[in-house]
Q: 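Take a look at the following structure, please.
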2 protein chains.
Amino acid sequence: MSQPQFKALADPTRRDILRLLSQQEMTIAQVCDHFTMTRAAVKKHLSVLEAGGLISSHARGRECLNRFEPAGFAPVRDWIGFFDQFWDHHLSALNSAIEKDQSDDPDRDQNKD
Amino acid sequence: MSQPQFKALADPTRRDILRLLSQQEMTIAQVCDHFTMTRAAVKKHLSVLEAGGLISSHARGRECLNRFEPAGFAPVRDWIGFFDQFWDHHLSALNSAIEKDQSDDPDRDQNKD
DNA sequence: TTTATGCGATACCAAACGGTATCATGTCAA
DNA sequence: TTGACATGATACCGTTTGGTATCGCATAAA
């Protein structure tokens, strides 16, 4: 599919999973503990993330470890980067406002200007 | 919906539309000229983009001008920015390789490192 | 006014998506 | 070997999505 990373990022559950996996590798069961859906549903999300190159999974015994892959973000970062030329620094305040309004995950504290 | 910007970016047609509108405002008909689908389909995509705050539309006579809104990218940029901590500079080469492989739009010349 | 055109809205369809239930398989442990 | 358990795969279901066809409306032009 064209640019499967974008589709992988389109679902809020998958974005949450990425947050989890960026902290540490997890088996499918471990990821499931953070959600109310079934293991099969989580597995589907993991498959989409893997198709987008945002995570990798490899077996360890009978378990299956899922690892965050920062390199998968490259195409997304690059595509977004095209629009940097339209970015005005005075929008940073708006940035914060919108982000504060729409974020449901408060543990982000990096500011990048 | 939660973070509708991500869903707006998930479709390649919508990403192409964003590229177009970043160059100049367009009516729906003008946007249609760049695609083979019907006007109704294009209109749907524009509605999704507007719901995500990535474009705005306002009437001018009987026409409807669609304008690119850079500020809509703020939440996306911010969310992606969380993962900057996992970004390693030696991945930039990989970045370029992946981007070259998957890009179908060569008119990007900004480099950001 | 009359006509043509750009647009919005609706109804409708096929395919994809998010999710559950279920079964088969491989592996760890007793 | 036997049993428990984590996973993979499949079938299935309801909803959403991407798309078309069609209608009506408002506006620009004749």
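Scope of the values below: all heavy atoms of this structure, side chains included, with no hydrogens, waters or symmetry mates. Model, not experiment: these values are computed from the prediction.
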Q: Without decimals, in angstroms, what is the distance between B:N66 CG and C:dG6 P?
A: 15 Å
Q: List the steps, then state whether side-chain contact (heavy atoms from CB on, under 4.5 Å) holds for B:E50 with B:N66.
A: CA-CA 9 Å; B:E50 192 176 9; B:N66 300 95; 5.7 Å; no
Q: Nearest whole angstrom, please: distance from the C1' of D:dA9 to the NZ of A:K43.
A: 9 Å
Q: Sequence neighbours excluded, which residues qualify as ring-ring contact (aromatic ring centres under 6.0 Å, His included) partners of B:F68?
A: A:F83, A:F86, B:F73
Q: Calculate the interatomic distance between B:E63 atom CD and D:dT27 atom C1'; express it in whole Å.
A: 10 Å
Q: Can you see which heavy atom on A:E69 is nearest to which on A:S56, and at what distance?
A: OE2-OG, 2.7 Å
Q: Which residues satisfy the side-chain contact (heavy atoms from CB on, under 4.5 Å) test with B:K43, sequence neighbours excluded?
A: B:I28, B:S47
Q: Using whole Å, report how far CD of B:E50 lies from P of C:dA9.
A: 11 Å
Q: Nucleotides 18-23 of chain C: which of its N/O atoms have a protein N/O under 3.5 Å away?
A:
| from | atom 1 | to | atom 2 | distance (Å) |
| --- | --- | --- | --- | --- |
| C:dG18 | OP1 | A:D11 | OD2 | 3.4 |
| C:dG18 | OP1 | A:R14 | NH1 | 3.4 |
| C:dG18 | OP1 | A:R14 | NH2 | 3.2 |
| C:dG18 | OP2 | A:R14 | NH1 | 3.4 |
| C:dG19 | OP2 | A:H45 | NE2 | 2.4 |
| C:dG19 | N7 | A:K44 | NZ | 2.8 |
| C:dG19 | O6 | A:K44 | NZ | 2.1 |
| C:dT20 | OP2 | A:T38 | N | 2.7 |
| C:dT20 | OP2 | A:T38 | OG1 | 2.8 |

Q: Check whether any side-chain N or O of A:E63 sits under 3.5 Å from a backbone N or O of A:R60 as a donor-acceptor pair, and report yes or no.
A: no
Q: Taking all heavy atoms of B:A71 and all of B:P75, pick out the closest pair and write down the distance.
A: O-CD, 4.1 Å
Q: CG of B:L49 versus C1' of D:dG18: gap in Å, rounded?
A: 14 Å
Q: From the list C:dC7, C:dG8, D:dT7, which nucleotide is the closest neighbour of the side chain of A:I28?
A: D:dT7
Q: Check the distance between D:dT20's P and B:F35's CZ and give it to me in whole angstrom.
A: 13 Å
